[in-house]
Amino acid sequence: MIRVGLLGCGNVAEVIASEGTGINITALYDFEHSHAEHLKELTGAPAFKKFEDFLSQDLDIVVEAASVGAVYEHAEDVLMSGKDIVILSVGALADTDFKNRLIKIAEEKNRKIRIPSGAVMGLDNLKIGQISPMSKVLLRTTKSPRSLRIETNEKTLVFSGRADECIKQYPKNINVAVALELATGHDVEVELWADPDIKRNMHEIFAEGDFGDFYLKIKNNPCPQNPATSYLAALSIITLLKNLEKPMIIGT
Ligand SMILES: NC(=O)C1=CN([C@@H]2O[C@H](COP(=O)(O)OP(=O)(O)OC[C@H]3O[C@@H](n4cnc5c(N)ncnc54)[C@H](O)[C@@H]3O)[C@@H](O)[C@H]2O)C=CC1
Ligand SMILES: O=C([O-])CC(=O)C(=O)O
């Protein structure tokens with residue numbers, strides 16, 4: 001059974017720990033040690049104060065559900081130590097030099113970097129953008145002002161522009177834009193809206209290319225502990241982990 005280490009023991013990790021029946025969580029790390037201790041109570045897995053001690057455990061895969069900063073700090077070491085990594089804070093990979101470094105280490109160590117679909121659907125077949133021209137990919141995300149940590153009484157466009165710029169300003173809210181770029185191999189135009197009347201995290205994806213055109217709208221229930229994060233993101237990781245050992249792979 002695959003041994004999973006959780007890097008980041010916040011909201012997403014708690015859903016994985018409490019709802020991921022059959023997932024073998026064997027080590028926990030969070031720079032807020034009390035968060036790791038909390039998950040220790042749920043999972044029985046040891047909680048480490050030092051990242052090095054966490055990484056020296058017999059793990060097959062480390063699931064990062066922490067922050068863009070945590071990916072910068074730890075992803076190279078995870079791969080160097082011969083473990084696969086799931087990266088949810090994929091915004092870190094908007095930095096092309098950093099992304100290429102990770103890919104090089106993964107190749108050298110024969111390891112995998114897995115980017116979950118996270119808070120959106122449709123990433124599977126949007127990967128055709130890697131082999132067939134796309135003329136446009138646009139993500140329109142709408143969240144509550146509280147999620148974006150701003151105050152406004154009316155629907156407001158808070159950002160319009162490139163994904164790599166948006167993730168710098170909203171690293172906890174727009175990782176999906178970078179996942180979309182990596183999937184399609186195409187620059188993504190981003191609109192980020194704050195809407196005081198919205199109760200769910202809404203992502204709309206528009207894509208056009210030789211294949212035709214595509215529109216998807218998803219209205220995600222937010223996690224109770226962190227309204228910026230959609231519950232779907234945690235479900236997506238549980239599903240990814242549960243499918244790792246299956247003999248049949250579904251989706252492109
Ligand atoms: N790709 C996607 O579609 C999505 C990505 N995300 C991202 O996933 C990540 C996790 O989300 P949540 O669990 O809701 O966040 P959270 O804030 O509830 O939990 C994050 C945990 O990681 C810990 N942490 C942060 N930086 C760390 C570091 N450098 N080293 C060790 N521990 C660190 C925090 O103390 C906290 O316990 C966030 O970066 C979020 O933006 C969330 C939803 C969708
Ligand atoms: O959970 C969501 O709806 C999306 C999100 O936070 C992100 O992409 O960082």
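As the structure lists them, so they are numbered: ligands from 1, and atoms in each ligand from 1. Start at 1 with the first residue, then count along the sequence.
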query = What is the nearest protein non-hydrogen atom to atom 3 (O) of ligand 2, stated with its residue, atom name and distance?
reply = Ser230 OG, 2.6 Å
ask   = If you measure from atom 20 (C) of ligand 1 to every heavy atom of Gly8, Ala92, Ala66, Ala177, which option wins on shortest distance?
value = Ala66
task = Please could you name the atoms of ligand 2 that Lys143 approaches to less than 4.0 Å, counting only its heavy atoms?
result = 2 (C), 3 (O), 4 (C), 5 (C), 6 (O)
request  = Starting at OG of Ser117, measure out to CD1 of Ile237 and round the result to the nearest 0.5 Å.
outcome  = 10.5 Å
query = Any N/O of Val176 closer than 3.5 Å to an N/O of ligand 2?
reply = yes
note = for atom 15 (O) of ligand 1, nearest protein heavy atom and its distance come out as Asn226 ND2, 3.6 Å
message = Looking at ligand 1, is there an atom of it that comes within less than 4.0 Å of some heavy atom belonging to Ala179?
response = no
request  = Would you sort out whether Lys104 and Glu107 count as a salt bridge (Lys or Arg N to Asp or Glu O under 4.0 Å), showing the intermediate values?
outcome  = CA-CA 5 Å; Lys104 187 159 178 284; Glu107 282 169 350; over 6 Å; no
request  = For Val158 and Ala194, work out which heavy atoms get closest and say how close.
outcome  = CG1-CB, 4.1 Å
query = More than 12 non-hydrogen atoms from neighbouring residues, nucleotides or ligands closer than 6.0 Å to CD on Glu151, yes or no?
reply = no
query = Out of curiosity, is Pro171 lining ligand 1, as in a heavy atom under 4.0 Å away?
reply = yes
ask   = Looking only at heavy atoms, which two atoms of Leu88 and Ala65 are closest? And how far apart?
value = CD2-CB, 4.3 Å
message = Could you check whether any heavy atom of Ala228 sits closer than 4.0 Å to an atom of ligand 2, since that is the contact criterion I want to use?
response = yes
task = Indicate if Leu123 and Val176 have the same hydrophobic cluster label, given that clusters are the connected sets of ILVMFWY residues with side-chain heavy-atom separations under 4.5 angstrom.
result = yes
task = Report the part of Thr141 in contact with ligand 2, treating N, CA, C, O as backbone and CB onward as side chain, heavy atoms under 4.0 Å; options are side chain, backbone, both, neither.
result = neither
Asn201, Leu88, Val68: member with heavy atom nearest to atom 1 (N) of ligand 1 = Leu88
query = Backbone or side chain, does any N or O of Tyr29 fall under 3.5 Å from an N or O of ligand 1?
reply = no
query = Does some side-chain heavy atom of Leu157 sit less than 4.5 Å from a side-chain heavy atom of Leu192?
reply = no
query = Under 3.5 Å between some N or O of ligand 1 and some N or O of His35?
reply = yes
request  = Output the list of atoms in ligand 2 that are nearer than 4.0 Å to some heavy atom of Asn201, sorted by atom number.
outcome  = 3 (O)
ask   = Got an N/O contact under 3.5 Å between Ser67 and ligand 1?
value = yes
key: Backbone or side-chain N or O of Asp30 under 3.5 Å from ligand 1 N or O   = yes
message = Using a 4.0 Å cut-off to any heavy atom of Val176, which atoms of ligand 1 qualify?
response = 3 (O)
note = In terms of heavy-atom contacts, Ala179 and Ile115 come closest through CB-CG2, 4.4 Å
query = Are Met202 and Val190 connected, step by step, through hydrophobic side chains (Ile, Leu, Val, Met, Phe, Trp, Tyr) whose heavy atoms are closer than 4.5 Å?
reply = no
Over 12 non-hydrogen atoms of neighbours within 6.0 angstrom of NZ in Lys155 = yes
request  = Would you kindly specify which portion of Ala119 sits under 4.0 Å from ligand 2, judged on non-hydrogen atoms: side chain, backbone, both or neither?
outcome  = side chain
message = Just to be sure I read this right, does ligand 2 sit under 4.0 Å from the backbone of His203, its side chain, both, or neither, counting only heavy atoms?
response = side chain
ask   = Any nitrogen or oxygen of Asn220, main chain or side chain, under 3.5 Å from a nitrogen or oxygen of ligand 2?
value = no
ask   = Does Lys143 make a cation-pi contact with Trp193 (under 6.0 Å, within 45 degrees of the axis)?
value = no
request  = Please write down residue, atom name and distance for the protein heavy atom closest to atom 41 (O) of ligand 1.
outcome  = Asn175 ND2, 3.1 Å
request  = Find out if a path of hydrophobic residues (ILVMFWY) with successive side-chain heavy-atom gaps under 4.5 Å connects Ile150 to Ile167.
outcome  = yes
request  = Take Leu7 and Val63 through the side-chain contact (heavy atoms from CB on, under 4.5 Å) test and state the conclusion after the steps.
outcome  = CA-CA 6 Å; Leu7 162 55; Val63 172; over 6 Å; no
inquiry  = Looking only at the aromatic ring of each residue, does the gap between the centers of Phe48 and Tyr29 stay below 6.0 angstrom?
reply    = no
remark   = atom 13 (O) of ligand 1 has as its nearest protein heavy atom Val12 N, 2.8 Å
message = Please report whether ligand 1 has a polar contact with Ala119, defined as an N or O pair separated by less than 3.5 Å (distance criterion only).
response = yes
query = Less than 6.0 Å separating the ring centroids of Tyr72 and Phe98?
reply = yes
key: Pair Leu139-Val137, side-chain contact (heavy atoms from CB on, under 4.5 Å): steps then yes or no   = CA-CA 7 Å; Leu139 172 73; Val137 187; over 6 Å; no
ask   = In the protein, which heavy atom is nearest to atom 29 (N) of ligand 1, and how far is it?
value = Glu73 OE2, 3.1 Å
ask   = Say you draw a straight line from CG of Leu93 to CD1 of Ile113; how long is it, rounded to the nearest 0.5 Å?
value = 7.0 Å
query = Could an N or O of ligand 1 be found under 3.5 Å from any N or O of Ser117, whether backbone or side chain?
reply = no
remark   = The protein heavy atom nearest to atom 44 (C) of ligand 1 is Ala233 CB, 3.5 Å
note = ligand 1 atoms nearer than 4.0 angstrom to some heavy atom of Glu32 are 35 (O)
message = Using a 4.0 Å cutoff against the non-hydrogen atoms of Thr229, which atoms of ligand 2 qualify?
response = 1 (O)
task = Look only at interatomic distance and state if Ala233 has a nitrogen or oxygen under 3.5 Å from any nitrogen or oxygen of ligand 2.
result = no
note = Here the atoms of ligand 2 under 4.0 Å from any heavy atom belonging to Lys172 are 6 (O), 9 (O)
key: Under 4.0 Å to a heavy atom of Lys172 - the qualifying atoms of ligand 1, by number   = 41 (O)
ask   = Going by the order shown, which atoms of ligand 1 are within less than 4.0 Å of some heavy atom of Thr229?
value = 11 (O), 12 (P), 14 (O), 42 (C), 43 (C)
ask   = Numbering the atoms of ligand 1 from 1, which are under 4.0 Å from a heavy atom of Gly118?
value = 3 (O)
task = Would you check if the side chain of Ser230 reaches a backbone N or O of Ala233 as a donor-acceptor pair within less than 3.5 Å?
result = no
message = Quick check for you: to the nearest 0.5 Å, what is the distance between Leu244 atom CG and Lys242 atom NZ?
response = 11.5 Å
ask   = Does any N/O atom on Leu7 come nearer than 3.5 Å to any N/O atom on ligand 1?
value = no
remark   = Under 4.0 Å from one or more heavy atoms of Ser89, ligand 1 contributes atoms 7 (C), 8 (O), 9 (C), 38 (C), 39 (O)
ask   = Looking at Gly10, which atoms of ligand 1 are within less than 4.0 Å of one of its heavy atoms?
value = 18 (O), 19 (O), 21 (C), 37 (O)
Test item: Ser236 side-chain N/O and Leu232 main-chain N/O as donor-acceptor pair under 3.5 Å = no
key: N or O contact, Phe31 vs ligand 1, cut-off under 3.5 Å   = yes
